[in-house]
Number of protein chains: 2
Amino acid sequence: MAREKIERTRTLRLQDVAEAAGVSLATASRSLSGTSGVSEAVADRVRATARELGYVANLHARSLAAGTSASVGLVVHEIGDPYFSEIASGVLRVAAPAGLTVQICHSGRDPERELEQIRMLIANRVGAIVVAGSGFVDAAVQSTARAELQAYRQNGGRVAVIGRHHLGVDAVLPDNVAGGRAVTEHLLSLGHRRIAVISGSRALTTVADRLRGVADGLAGAGLDPDSVPVVEAEFTRAGGKAAVLETLASHPGVTAVLALNDDMAIGALSMLRSQGIAVPGRISVSGFDDVAVAGDLSPSLTTVRLPMVEMGEKVLQLALSDPTDRPRRRRVGHELVVRDSTAAPSA
Amino acid sequence: MAREKIERTRTLRLQDVAEAAGVSLATASRSLSGTSGVSEAVADRVRATARELGYVANLHARSLAAGTSASVGLVVHEIGDPYFSEIASGVLRVAAPAGLTVQICHSGRDPERELEQIRMLIANRVGAIVVAGSGFVDAAVQSTARAELQAYRQNGGRVAVIGRHHLGVDAVLPDNVAGGRAVTEHLLSLGHRRIAVISGSRALTTVADRLRGVADGLAGAGLDPDSVPVVEAEFTRAGGKAAVLETLASHPGVTAVLALNDDMAIGALSMLRSQGIAVPGRISVSGFDDVAVAGDLSPSLTTVRLPMVEMGEKVLQLALSDPTDRPRRRRVGHELVVRDSTAAPSA
DNA sequence: ATGAAAGCGCTAACAG
DNA sequence: CTGTTAGCGCTTTCAT
């Protein structure tokens with residue numbers, strides 16, 4: 001990884017402000033950082049001078065000297081994905097009023113790359129790290145990351161994640177199992193019996209948990225979970241298109257497609273439309289997440305709402321709150337949102 | 001603005017690595033930063049020790065000592081908005097391979113807040129600042145920002161923006177005028193004569209430019225631009241809903257609604273559907289931007305495609321490239337994407 | 001209430 | 001090729 005260095009030349013230092021205001025460096029520092037021990041008059045004068053001169057403090061120097069950090073790191077799969085951009089929005093909403101800057105980086109759902117990004121954030125001495133991407137079912141793939149994050153925490157760093165990870169840290173847990181069950185029961189109650197699931201990689205805990213909910217729903221209705229085909233593809237719009245095509249070919253009798261996220265559902269909807277297959281007339285489609293556009297599609301998408309913005313807010317609050325001995329879990333609910341893409345099977 | 005400080009305790013320093021490897025601080029530094037002047041053997045040993053010990057360099061210290069920066073700032077209106085999240089994705093794709101971290105912050109389309117964020121980024125000593133939000137027609141509202149950014153550049157900082165700003169810096173310019181003209185001509189060629197524009201605030205250069213393109217298109221067809229009503233609302237989905245309602249009330253004969261971004265178009269589509277008005281049967285609707293979902297709506301949205309991811313990539317490349325005396329402009333094209341939401345008027 | 005001075009962890013001359 | 005040393009700009013004891 002090439003490291004691009006951007007050189008900076010000299011700017012105003014606190015020393016310059018101090019001289020201009022006729023005080024010592026220490027007094028100037030106290031005045032600007034609001035530490036007590038300076039007369040109001042002097043402090044005001046210093047602040048005025050600083051403003052006139054257009055002084056801006058060097059946060060690197062401040063961090064180094066004070067040993068504090070005013071920034072947090074956020075690891076997402078891909079910021080262009082609405083699920084993650086809504087989470088990021090929540091994180092930013094909590095960070096800004098607290099005077100914290102947010103460094104965002106991509107993991108690309110690749111544990112190696114995620115580790116690399118985490119290391120970079122640690123090197124940047126961020127005060128907290130938030131991991132928003134899905135966890136992995138296989139605990140081993142994140143074991144190095146786990147170790148590094150633990151060490152980071154030993155040194156005062158804060159960590160919190162969204163979803164089920166094997167990282168041993170505070171977590172915000174979306175209700176994936178119950179959501180999967182709810183949407184399954186919805187399809188079942190409509191009368192569907194020939195359902196196909198289109199899904200992202202089962203290596204992701206998000207997928208595993210949602211699948212587990214689907215199985216629960218099926219079992220609860222006395223059905224054999226194994227009788228329902230699960231077509232695995234990329235956890236994206238393109239993956240949804242591919243998966244629904246495959247489903248059509250291998251299971252032509254299917255009356256409902258249960259997508260494990262909205263992205264795949266949107267892809268499925270688009271593919272079905274281009275194939276001239278009516279939704280929900282011939283096939284019902286459901287999603288998961290309730291991204292902002294879900295309600296504006298046509299047919300509008302029946303899905304499981306997860307409060308992404310709130311999850312982003314909560315996860316940073318969790319990271320910033322006083323650390324506890326044992327990892328905390330904050331569950332956030334789900335809500336089945338029934339719209340127009342699901343209906344009773346026609347036959 | 002409260003400043004939340006996160007305290008850190010002692011971690012491994014380069015000095016510790018140097019001692020463990022039995023070399024001096026300087027040699028250790030050279031070994032790890034890849035500076036020449038160290039024998040390969042020694043450098044390897046130092047790197048090995050560093051890895052064993054789990055050493056991660058303190059980037060604040062490095063920045064302070066070397067006067068370089070390995071991070072860039074990105075100012076967006078709102079990261080949850082697909083237009084900006086796609087741009088952010090492009091920025092991240094260029095930043096990561098260059099070893100740069102990206103700090104993202106919200107401007108909320110508020111010049112005051114934008115200025116605040118820019119100041120924070122400067123204080124953070126980012127090597128480059130990218131402003132992705134729209135500019136403002138009134139040059140005065142950004143004059144302070146302009147001055148601070150110029151000073152920042154004097155000190156070696158790099159700046160680039162997306163869109164037409166009065167900031168005197170390098171810019172990536174989307175083809176808003178031509179795009180506005182293209183979509184207008186499309187509607188006109190379909191036979192529409194009673195068109196209404198739904199628009200965000202005219203204070204934004206993005207809006208002003210697109211409006212200008214619309215007027216050009218109208219004039220080119222021998223029509224009076226002033227005869228076309230422009231309904232101004234928030235530049236969001238909710239704004240689109242409100243604006244289309246207002247249009248319906250004040251101009252009931254309208255056969256086409258030209259929205260100045262996809263967000264408003266999506267809101268309009270949604271409102272028209274809930275009002276039982278057929279699109280494009282009774283009213284055609286067009287958007288602008290071509291966000292990822294535009295093609296998956298139903299009816300799929302006719303819109304003007306702007307290459308957001310590419311714009312994000314380009315703007316950071318521009319910022320990172322060697323500075324020139326005069327601001328550079330990189331134009332990016334547009335593409336009219338005709339889909340199902342527009343058709344010839346029925347009457 | 002104010003000032004002097006000692007670092008924070010690292011890089012970059014400058015010696016050798 | 002390697003080590004010594006002086007800062008980078010700021011905060012923070014410790015004196016006064």
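Here the structure is a predicted model, which is why all the values come from computation and not from measurement. Values below: all heavy atoms of this structure, side chains included; hydrogens, waters and symmetry mates excluded. Proteins come first, then strands; the chains are lettered A, B, ... in the order of their sequence lines, and each starts at number 1.
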Donor-acceptor list for residues 309-316 of chain A side chains, cut-off 3.5 Å, not counting sequence neighbours:
residue, atom, partner, partner atom, Å
Glu310(A), OE2, Lys314(A), NZ, 3.0

field: All salt bridge (Lys or Arg N to Asp or Glu O under 4.0 Å) counterparts of Arg153(B), not counting sequence neighbours
entry: none
query: What pairs of residues pass the ring-ring contact (aromatic ring centres under 6.0 Å, His included) test when at least one of them lies in residues 110-150 of chain A, not counting sequence neighbours?
result: none
message: What is the separation between atom CZ on Arg45(B) and atom P on dT2(D), rounded to the nearest whole Å?
response: 8 Å
- prompt: Listed by chain and number, what are the side-chain hydrogen bond (donor to acceptor under 3.5 Å, both in side chains) partners of Arg113(B), not counting sequence neighbours?
  reply: none
- line: Taken in chain and number order and not counting sequence neighbours, the residues that satisfy salt bridge (Lys or Arg N to Asp or Glu O under 4.0 Å) with Asp110(B) are none
- prompt: Which atom names give the shortest non-hydrogen contact between Gly168(A) and Arg146(A), and what distance separates them?
  reply: N-NH1, 3.4 Å
Would you tabulate the side-chain donor-acceptor contacts of residues 48-56 of chain B under 3.5 Å, counting partners in other chains and residues two or more places apart, or write 'none'?
residue, atom, partner, partner atom, Å
Thr49(B), OG1, Arg45(B), O, 2.5
Thr49(B), OG1, Val46(B), O, 3.4

- line: The nucleotide from dT11(D), dT11(C), dG9(D) with an atom nearest the side chain of Ala65(B) is dT11(C)
Scan the side chains in residues 137-145 of chain A for donor-acceptor partners under 3.5 Å anywhere in the protein, sequence neighbours excluded, and list what turns up.
residue, atom, partner, partner atom, Å
Asp138(A), OD1, Ala140(A), N, 2.9
Gln142(A), NE2, Glu114(A), OE2, 2.8
Gln142(A), NE2, His165(A), ND1, 3.3
Ser143(A), OG, Ala140(A), O, 2.9

Expected rows: protein N/O vs nucleotides 13-16 of chain D N/O, under 3.5 Å:
residue, atom, partner, partner atom, Å
dT13(D), O4, Arg30(A), NH2, 3.2

field: Axial bend angle, the helix from dA1(C)-dT16(D) to dG16(C)-dC1(D): five-pair end segments, nearest 10°
entry: 40°
- request: Rounded to the nearest angstrom, tell me the gap between atom CG in Leu64(A) and atom P in dT11(C).
  value: 12 Å
task: Take atom CG of Asp16(B) and atom P of dG9(C), then tell me their distance rounded to the nearest Å.
output: 9 Å
message: Tell me the interatomic distance from Arg13(B), atom CZ, to dT11(C), atom C1', rounded to whole angstroms.
response: 16 Å
message: Nearest whole Å is fine: how far is dC8(D) P from Leu14(B) CG?
response: 20 Å
task: Assign each of Gly22(A) and Ser63(B) to its nearest nucleotide of DNA chain C by heavy atoms, then name whichever residue's nucleotide is nearer the 5' end.
output: Gly22(A)
Residue-level proximity of residues 35-44 of chain B to DNA chain C when a heavy atom falls under 4.0 Å: none
message: Check the phosphate of dG3(C) against Ser24(A), side-chain N and O only, distance under 4.0 Å to OP1 or OP2. Yes or no?
response: yes
Can you give each donor-acceptor pair under 3.5 Å made by side-chain atoms of residues 95-103 of chain A, sequence neighbours left out, with the distance rounded to 0.1 Å?
none

message: Students often get this wrong, so: under 4.0 angstrom with heavy atoms, is Leu25(B) touching a base, only sugar-phosphate, or nothing?
response: base
query: To the nearest angstrom, how far is Arg125(B) atom CZ from dG9(D) atom C1'?
result: 9 Å
message: Can you work out whether Thr27(B) or Ala61(B) has the more 5'-proximal nearest nucleotide on DNA chain D?
response: Thr27(B)
query: Just how far, in rounded Å, is C1' of dC10(C) from OH of Tyr55(B)?
result: 7 Å
message: If I take atom CG in residue Leu32(A) and atom C1' in nucleotide dT2(C), what distance separates them, rounded to the nearest angstrom?
response: 15 Å
task: Just say parallel, tilted or perpendicular for the rings of His60(B) and His60(A), cut-offs at 30° and 60°.
output: tilted
- prompt: For residues 18-35 of chain A, which residue pairs qualify under salt bridge (charged side-chain N to carboxylate O under 4.0 Å, His left out), counting only residues two or more places apart or in two chains?
  reply: none
